[in-house]
Amino acid sequence: MRDDVVAGMMRRGWLISFLIFGLSAMLRADIVDDLMRIHIEALGGNEAVSEMRALRAIGQSDFGGQRMRFVMWAARPNRIRIESIDATRTQTQAWDGDTNPWRQTRGPTGRSAPERMTAAEAKQFSADANFDDVLIDAREHGGSLDYAGEGEVEGKPTQKILVTRNFFDQTVVHLDVATYLIVQQERVKDEGTARETHVVTRFFDYRAVAGVLLPHRLVVTSGGREWITTTLEKVDANPLIPPDFFSMPQ
């Protein structure tokens, strides 16, 4: 066979492969767009989601045989304040979305001086401070969403979406095909050392808060073992929050 004929066939083969790859990518993007649209509608719709600008939640976390009560305030886009309460003290951890996160302890003898978190602590605390769920937040802040196929969680079929933020931070999200709510997300967390931890979060007990469905129980497993269960007892939408509430006291 002549060389020019072979070269032409090869060029056509590469062109066909390129077209197939491009069409597949477009189809996957269309699937993600459809899933996102249905997911937001399932939560309560664009208007209700957008109108929820802040929330206050009261609940408890169980871990390692211990129980810790907490009050959490969160506000768009990534401001958060958590007051964890036990029998003898209250620890405040907060981030204003701009400066480094901080903490302060109040005990029987008074308040400690507020202090900035270490770099490793700040990285982990701020990574979990986004107000919206991971699917909505990723698109709003320049992340990418890719269709990851069909899955299954406890025998129920799901649709999977791969969320990539900051190029290397990846989370696989499972949407229940019956409700299109997030029922599970899987994330590999960098612990700041040579090892990484596989963290799975399950979402249960969705309830409407100001027209938006929010999970009221979360179960986190790490390394295959149940790590922490968080239960929300009361959630208030759009509470009045002072402007400097998330900032470190001077």
Side-chain angles (χ1 to χ4, degrees), residues 23-53 55 57-62 72 74 76 127-128 130-141 143-165 169-189 198-238:
L23 290 172
S24 298
M26 291 173 63
L27 288 172
R28 290 196 299 270
D30 287 342
I31 292 173
V32 169
D33 288 342
D34 287 341
L35 291 175
M36 280 298 299
R37 176 180 53 79
I38 300 171
H39 172 59
I40 293 174
E41 285 300 317
L43 289 175
N46 271 313
E47 184 176 353
V49 171
S50 299
E51 287 182 353
M52 182 178 287
R53 300 175 300 278
L55 59 82
I58 300 173
Q60 64 185 32
S61 293
D62 296 281
M72 179 188 72
R76 288 187 187 277
D128 298 325
N130 297 314
F131 186 80
D132 290 298
D133 73 38
V134 65
L135 293 178
I136 298 173
D137 174 75
R139 282 213 163 156
E140 288 186 349
H141 296 89
S144 65
L145 304 180
D146 296 290
Y147 181 62
E150 298 178 350
E152 185 178 285
V153 174
E154 290 191 349
K156 296 182 179 180
T158 63
Q159 293 282 352
K160 298 190 297 182
I161 298 177
L162 175 65
V163 181
T164 303
R165 294 181 295 190
D169 185 355
Q170 293 189 323
T171 302
V172 176
V173 177
H174 289 256
L175 292 176
D176 188 319
V177 299
T179 63
Y180 287 92
L181 300 173
I182 297 176
V183 292
Q184 179 172 296
Q185 64 186 43
E186 305 157 11
R187 180 183 176 196
V188 177
K189 297 185 69 173
H198 186 229
V199 178
V200 177
T201 305
R202 296 287 314 282
F203 300 85
F204 302 91
D205 192 16
Y206 276 87
R207 303 182 198 174
V209 178
V212 179
L213 289 178
L214 299 177
H216 280 57
R217 186 164 67 92
L218 295 81
V219 179
V220 180
T221 60
S222 178
R225 295 187 301 175
E226 187 170 313
W227 179 31
I228 184 169
T229 297
T230 297
T231 304
L232 304 183
E233 300 166 356
K234 183 180 180 182
V235 183
D236 298 318
N238 299 323

Candidate pair L214 and L55, rule side-chain contact (heavy atoms from CB on, under 4.5 Å), full reasoning: CA-CA 11 Å; L214 299 177; L55 59 82; 4.3 Å; yes

Verdict with reasoning, T164 to Q170, per side chain to side chain donor-acceptor pair (under 3.5 Å): CA-CA 5 Å; T164 303; Q170 293 189 323; 3.3 Å; yes

Chi angles and distances behind the side-chain contact (heavy atoms from CB on, under 4.5 Å) call for L43, L181: CA-CA 7 Å; L43 289 175; L181 300 173; 3.8 Å; yes

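Partner of H39 under the side chain to side chain contact (heavy atoms under 4.5 Å, CB included) criterion, chosen from T179, L175, D34: L175.
Under a 3.5 Å cut-off, the side chain of N238 and the backbone N or O of E51 do form a donor-acceptor pair. With R202 contributing its side chain and V183 its backbone, the two residues share a donor-acceptor pair below 3.5 Å. A distance-only check finds a donor-acceptor pair linking the side chain of T158 to the backbone of E152 [under 3.5 Å].
Here CD of Q184 is found 12.0 Å from OG1 of T171. Values are rounded to the nearest 0.5 Å. Taken from CG in N46 to CD1 in I40, the straight-line distance is 5.0 Å, to the nearest 0.5 Å. The CD1 atom of I161 sits 11.5 Å away from atom OG of S144, with the distance rounded to the nearest 0.5 Å. Taken from CD in E186 to OG1 in T221, the straight-line distance is 9.0 Å, to the nearest 0.5 Å. Atom CD1 in I136 sits 10.5 Å away from atom CG in L145 (nearest 0.5 Å). Note: E233 CD to Q60 CD = 5.0 Å, rounded to the nearest 0.5 Å.
Two residues are said to be in side-chain contact when any heavy atoms from C-beta on lie closer than 4.5 Å; Q185 and R187 fail this criterion. In this structure, the side chains of K156 and V177 stay at 4.5 Å or more apart for every pair of heavy atoms. Residues W227 and V200 are not in side-chain contact: their nearest non-hydrogen atoms beyond the backbone lie 4.5 Å or more apart.
For R207, the side-chain contact (heavy atoms from CB on, under 4.5 Å) test picks out D205, H216, with sequence neighbours left out.
V212 approaches A48 most closely through the heavy-atom pair CG2-O, 3.4 Å. Among all heavy-atom pairs drawn from I182 and V134, the shortest one is CD1-CG1, 4.4 Å. Nearest heavy-atom pair across A237 and M52 is CB-CE, 4.0 Å. Residues A57 and V235 approach most closely at CB-CG2, 4.1 Å, considering heavy atoms. Heavy-atom minimum distance, L213 versus A42: CD1-O, 3.4 Å.
Using modelled atom types and a 3.5 Å distance limit, the side chains of Y147 and Q159 yield a donor-acceptor pair.
Judged by a 6.0 Å distance limit and a 45° cone about the ring axis, R76 is not positioned over the six-membered ring of F131.
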